[in-house]
Participant: 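Take this structure, written in structure tokens, and hold onto it; I'll ask about it next.
When a residue number appears, it is its place in the shown sequence, counting from 1.
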Amino acid sequence: MRGRPVIQWILFACLWAGLVNPIVHVTRGRTAAVAPAAKESSSTRVWVSVRFSGRPEYFVLEQGDVSLWAEDKPVSLEYEREIPLVLDKFGTEVTLKAKLDGAVTAVEVKLEPEGLSACSRTVWVEGDVEELISFSWGNHD
């Protein structure tokens with residue numbers, strides 16, 4: 001038995017015409033979700049500790065293009081200081097720049113912001129270093 005293509009196409013078009021109305025109803029009048037305005041990050045005083053397993057010739061901690069801490073001729077393996085850091089909703093990133101001898105050296109950077117738990121990261125480096133180090137505390141609002 002042979003079908004009737006004209007009737008089948010008319011039924012197919014009627015079916016889709018019937019579905020157009022609900023689809024338009026569902027999608028019309030909806031605006032795109034607006035992301036909540038992000039709070040501006042402000043500088044927070046943070047206690048920072050930097051420890052080396054071998055003495056560096058110099059080291060610098062930066063955030064973005066801002067130099068936060070620089071030691072030209074370090075004489076020790078451990079350094080501590082309170083510096084201003086910009087913390088966002090989830091954490092922060094700092095860049096460690098240092099000149100070390102050719103041996104592999106462990107560098108620990110520890111941040112202790114007020115009201116949050118201490119967080120530390122250890123990187124293994126050698127020679128001239130420019131390392132981005134990320135710290136995260138989750139959503140701390």
Participant: Can you name the residues that form a side-chain contact (heavy atoms from CB on, under 4.5 Å) with L15, not counting sequence neighbours?
Facilitator: none
Participant: Report yes or no: do V129 and L68 belong to one cluster of Ile/Leu/Val/Met/Phe/Trp/Tyr joined by side chain heavy-atom distances under 4.5 Å?
Facilitator: yes
Participant: For W9, which residues count as a ring-ring contact (aromatic ring centres under 6.0 Å, His included) partner, sequence neighbours excluded?
Facilitator: F12
Participant: Return the CD1 to CG distance between I133 and L61, rounded to the nearest 0.5 Å.
Facilitator: 7.0 Å
Participant: For a quick test of reading the model, state the closest non-hydrogen atom pair linking P84 to S43 and the distance between them.
Facilitator: CB-OG, 3.0 Å
Participant: Under the side-chain contact (heavy atoms from CB on, under 4.5 Å) rule, what do E131 and T95 come out as? Steps first, then yes or no, please.
Facilitator: CA-CA 6 Å; E131 186 80 26; T95 301; over 6 Å; no
Participant: Between V86 and T44, does a side-chain contact (heavy atoms from CB on, under 4.5 Å) hold up when you go through it step by step?
Facilitator: CA-CA 6 Å; V86 176; T44 304; over 6 Å; no
Participant: Please tabulate, for the side chains in residues 96-109, all donor-acceptor contacts under 3.5 angstrom to protein atoms that are two or more places apart in sequence or on a different chain.
Facilitator:
residue : atom : partner : partner atom : Å
K97     : NZ   : E62     : OE1          : 3.2
K99     : NZ   : D128    : OD1          : 3.3
D101    : OD1  : A103    : N            : 3.3
T105    : OG1  : A103    : O            : 3.2
E108    : OE1  : R51     : NE           : 3.0

Participant: Who pairs with Y79 by ring-ring contact (aromatic ring centres under 6.0 Å, His included), at least two apart in sequence or on another chain?
Facilitator: F59
Participant: Output every pair passing salt bridge (Lys or Arg N to Asp or Glu O under 4.0 Å) with a member in residues 111-124, not counting sequence neighbours, ordered by first then second residue.
Facilitator: none
Participant: Run through the side-chain heavy atoms of Ile, Leu, Val, Met, Phe, Trp and Tyr, join any pair under 4.5 Å, and report what else lands in L132's cluster.
Facilitator: none
Participant: Test of understanding: with salt bridge (Lys or Arg N to Asp or Glu O under 4.0 Å), list the residues that count as partners of R81, not counting sequence neighbours.
Facilitator: E71
Participant: Output the rest of the hydrophobic cluster of W47: all Ile, Leu, Val, Met, Phe, Trp and Tyr residues reachable through side-chain heavy-atom contacts under 4.5 Å, sorted by chain and number.
Facilitator: none
Participant: If the condition is side chain to side chain donor-acceptor pair (under 3.5 Å), which residues does T92 pass it with, not counting sequence neighbours?
Facilitator: Q63
Participant: Under the side chain to side chain donor-acceptor pair (under 3.5 Å) test, which residues partner S120, sequence neighbours left out?
Facilitator: none
Participant: From W69 CH2 over to I83 CD1, what is the distance, rounded to the nearest 0.5 angstrom?
Facilitator: 7.0 Å
Participant: Rounded at 0.5 Å granularity, tell me how far CG in L116 sits from CZ in F135.
Facilitator: 13.0 Å
Participant: E130: which residues meet the side chain to side chain donor-acceptor pair (under 3.5 Å) condition with it, sequence neighbours left out?
Facilitator: none
Participant: List in chain and number order the residues that pass salt bridge (Lys or Arg N to Asp or Glu O under 4.0 Å) with E82, two or more places apart in sequence or in another chain; answer none if no residue qualifies.
Facilitator: R45
Participant: What is the distance from atom CG of L85 to atom CD of E93, rounded to the nearest 0.5 Å?
Facilitator: 11.5 Å
Participant: Using only atom types and a distance under 3.5 Å, with no angle test, would you say the side chain of W137 pairs donor to acceptor with the backbone of F90?
Facilitator: no
Participant: With the 4.5 Å side-chain cut-off for hydrophobic clustering, are V123 and Y58 part of the same group?
Facilitator: no
Participant: Going only through I, L, V, M, F, W and Y residues with side-chain contacts under 4.5 Å, is there a path from V46 to V60?
Facilitator: no
